[in-house]
Structures are given as structure tokens and as C-alpha cells.
Amino acid sequence: MRFWLLKSEPDVFGFPDLVRVRREPWNGVRNYQARNFLRDMREGDLCLFYHSNARPPGVVGVARVCREAYADDLQFDPASAYFDPKSGVDAPRWSMVDVEPVVAFPGVVPLDALRLMPEWEGSPLTGRGSRLSVVPVEAGAFWATLDAAGLDFGDLSGLS
DNA sequence: GCCAACGTTGGC
DNA sequence: GCCAACGTTGGC
């Protein structure tokens, strides 16, 4: 199993929204590096859910990959902001996965706190100016973050 | 293939 | 709202 981090702006789609809808196609990723990470995801992988453009920015919960990469339908929709005229149905350029909520943190674990954890050293997330919206996370960083939220392995077993 | 211009991200 | 960092675009 691998671990990831997904960024989302809470004003657009936050963790509470994921809890409400129960399952969400993670569409709209239009960066090749992030897309390749989406394609590396396997069913059952766990994702830290990160709120960007929030005060404070940070991790607010855990989600789980419940469907592996498939074509992002918005790339074919001319009405969508994510429409890509250079993509074709025969050779889709952009992918998405489906995710579902696992557990909401009792409180946010802020970016500031992550930066203080040795487990997060060297991550694209904590580096300066990173705009990557899908980030691979080392196991140590994942568990340290869960611990900082006051949770442990047992809190992940009651999958919602 | 270079690189300047431009648009976007996202912390602050 | 500001602006640094970064990715993309497009002229050449």
C-alpha cells in the first residue's frame, strides 16, 4: 500500500463535502506530474486530505482510493473549465481516480506542524513553492501526521 | 530547442 | 491583496 496527499481548496471541495457525497471522482488535475501519480495509485491506497488556501492550510482527514485511474470526463466537455481540446476520447490525456472518506481528523494538522516533523523533510509538499496537487507521501510521514492528529492505525479500520 | 511572457498556485 | 515559485505557451 502506498500513501498520498491530495490538495483541495475547502471553498471549492473540502473534506466535509467528501463525507457528504461519500465518493468523489478526483477530476480536474491538469499537471502531468500529478496525473502520473494518480495513475500510480492503487485501490486501497490512503490519501491525506489537505486543505489549501485555507487558514491554516493543513491536513484535515484521510481518504481512500476506491477506483483506480480512468479517463477524466471533464477533458471532453467543452463547457468545462477543464476541457482540453487537444485530448481525444481515443487517447485521453487526463486521468482521475475515485476517493472515499476514511476518517476526519479531530482538528487540522497545519502545514507549519508538518514542517517541524523530520518525517516530512524533503517532501514536495513542505518545500518552497510547490504547486503539486497530488503528492506521494512516505509511510513515516503518513503515520506521524496521523499521530499528530491524535489518531492511530485503529482509527483507519472502521472504513466508512 | 531556447527563453521571455504569461497565467496559476498557494502561503503569507 | 501581494508576490514568489513554478509550469506552460508560443515566437523565433
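These numbers come from a predicted model, not from an experiment. In what follows, chains are A, B, ... by sequence order, proteins preceding strands, each numbered from 1.
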So, for A/Tyr32 and A/Trp94, is the gap between ring centers shorter than 6.0 Å? yes
Pull out every protein N or O sitting under 3.5 Å from an N or O of nucleotides 10-12 of chain B, one pair per line with the distance.
| residue | atom | partner | partner atom | Å |
| --- | --- | --- | --- | --- |
| B/dG10 | OP1 | A/Lys7 | NZ | 2.9 |
| B/dG10 | OP1 | A/Arg131 | O | 3.3 |
| B/dG11 | OP1 | A/Tyr50 | OH | 2.6 |
| B/dG11 | OP2 | A/Asn53 | N | 3.0 |
| B/dC12 | OP1 | A/Arg115 | NH1 | 3.2 |

Check ion pair [X]-[Y] (N to O, under 4.0 angstrom):
X       : Y       : answer
A/Arg35 : A/Asp72 : no
A/Arg93 : A/Asp84 : yes
A/Arg20 : A/Asp17 : yes

Aromatic plane relationship, A/Phe49 with A/Trp26 - under 30° parallel, 30 to 60° tilted, over 60° perpendicular: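 Taking A/Phe49 first and then A/Trp26, their aromatic rings stand perpendicular (interplane angle over 60°).
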Interatomic distance, [X] [atom1] vs [N] [atom2] [rounded to whole Å]:
X        : N     : atom1 : atom2 : value
A/Leu125 : C/dA5 : CG    : P     : 17 Å
A/Arg30  : B/dG7 : CZ    : C1'   : 17 Å
A/Tyr32  : C/dT9 : OH    : C1'   : 12 Å

